[in-house]
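Step one of this worksheet: look at the structure below.
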Protein chains: 2
Amino acid sequence: MKINKRYQQKLKTHQNLMFAALSLMSEEKGLGELSLREVAGEAGIVPAAFYRHFKSMEELGLALVDDSAEKIASILKDARKKGAYRSALHSSIGYFFDYVSKNRSLFRFISRERNGGYKKIREKIRTAMETIASELALDMRMPKSISFADTLFASQMIVGVAFQRASEFLDLDGKDHQDIRKLKFLTVKQLRLVFVGTIRGRKRIRTKIKV
Amino acid sequence: MKINKRYQQKLKTHQNLMFAALSLMSEEKGLGELSLREVAGEAGIVPAAFYRHFKSMEELGLALVDDSAEKIASILKDARKKGAYRSALHSSIGYFFDYVSKNRSLFRFISRERNGGYKKIREKIRTAMETIASELALDMRMPKSISFADTLFASQMIVGVAFQRASEFLDLDGKDHQDIRKLKFLTVKQLRLVFVGTIRGRKRIRTKIKV
DNA sequence: TGTACATCAGTGAACGCGCGTTCACTGATGTAC
DNA sequence: TGTACATCAGTGAACGCGCGTTCACTGATGTAC
């Protein structure tokens, strides 16, 4: 009973193409700035063969969102497991930024295409972020007085904050140790504010607020 | 005393180029997807003449950030003035989304390039957002117990939320009236949470929080 | 197992196209006298 | 005011280049008998 060699090779090339695209993205280049030819070249196939796998770069991008979202979700799940006995916010944040640092292209891709690139891709990323937030909400231990709806809303904000800060983090990139410390501090502060707002926001406040 | 006709014409073309670039951006195209030739064409000059004004598209982009940030800042300032006697958050939000709707390309450009495009442009946008947040902080009436530093931090979050939601708003674009209502509702809720978190966050909270 | 045919991922050449950039130029505007 | 020269925004042609896409093809792998 031989397994299908041809099919396996195709899967391999498929993955090579996605990996190639991710690798070719950088500080200055997103999906939209990549050419089909350079991606094919990097993946070790001829440009025409690209079409055996995707009908356009946009389609490759959509596949890449699926892939990246899955990886990020499992990374975060893992981080939550590891941090199970360390509930302090700032140590969780430490883990998170470590992961971002070790998976630059992944986070860069998602951050960049979240508001740029193709509309379909933006929408897919937003859906994926919702999914990640839902998973986070299920794992989050909030006071019993907080409804699941509020927990979910908080987790959506947390995911939003995390991705935005990850994007800023990637631009600091190794150097600027002082700036990175500041960014982490601000992230902790911002997330703490989300928790405070969620937990203390049950009662109506009356203040002169104007925006 | 004749004014300088040649210089005025140059300024005009300069503005035409920036306007052309902004107009050519759309749901699917950011600065990085525009070609020098199409921008020059739209502005009514020959490609080679582009170089009389900018040495690259990136430089045009940087000029565009200055321009857009200034416009958005004055729009927001205006909105705050108009809303001076209507302190309710949701009516301010209403004004804001109206402005976004009437200045799509402006907000689209900033949202898109904030995390995508060229690094220099990202940095310039972030600086501009800081400036806008500072101006907002000065105008914001917070309880006396809140320090200016905390007010500033809140205003930075508000600006961040506003731009992120503006970006999502632009993708709903006219249709999906129900989704737009939901988006506005979520924005109000999110901003309210920022205020609650800021005002009630003075005292330390102790809860089992894990991220 | 061996043979004959089908499948199909990847090839390689070719195409027309728009791109960024260069260059010598033009002619209206500005300046010095 | 009139003249002679300088400036310089915009021109138009040319360049070499990488692009996406098409096509008939190849040859290893898979399948039917």
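Below, all heavy atoms of this structure are taken into account, side chains as well, without hydrogens, waters or symmetry copies. Since we're looking at a predicted model, the values are computed, not measured. The chains referred to below are lettered A, B, ... by the order of the sequence lines, with proteins before strands, and numbering in each begins at 1.
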Of the listed C/dG10, D/dT11, C/dG30, the closest approach to the B/Asn4 side chain comes from C/dG30

To the nearest angstrom, the CD-P distance between A/Glu59 and D/dG20 comes to 15 Å

inquiry  = Just to be sure I understand the rule, does B/Tyr51 reach a base, reach only the sugar-phosphate, or reach nothing, if contact means heavy atoms closer than 4.0 Å?
reply    = base

Sorted by chain and number, sequence neighbours left out, ring pair (Phe, Tyr, Trp, His ring centres under 6.0 Å) with A/Phe96 holds for A/Phe107

To the nearest 10 degrees, the angle between the two end axes of the helix from C/dG2-D/dC33 to C/dC33-D/dG2 (five pairs per end) comes to 30°

note: B/His53, atom NE2; D/dC8, atom P; distance rounded to Å ~ 13 Å

Rounded to whole Å, CE of A/Met57 lies from P of D/dC19 at a distance of 11 Å

Among D/dG10, C/dG10, C/dT21, the one nearest any side-chain atom of B/Ile45 is D/dG10

Donor-acceptor side-chain pairing of B/Glu123 and B/Thr127 below 3.5 angstrom:
no

Task: Lys/Arg-Asp/Glu bridge criterion (N-O < 4.0 Å) met for A/Lys189, B/Asp150 - done: yes

Under a 4.0 Å heavy-atom cutoff, the residues of residues 6-40 of chain A touching DNA chain D are A/Arg6, A/Ser35, A/Leu36, A/Arg37

- Donor + acceptor pair across side chains of A/Asn115, A/Arg126 (<3.5 Å): yes

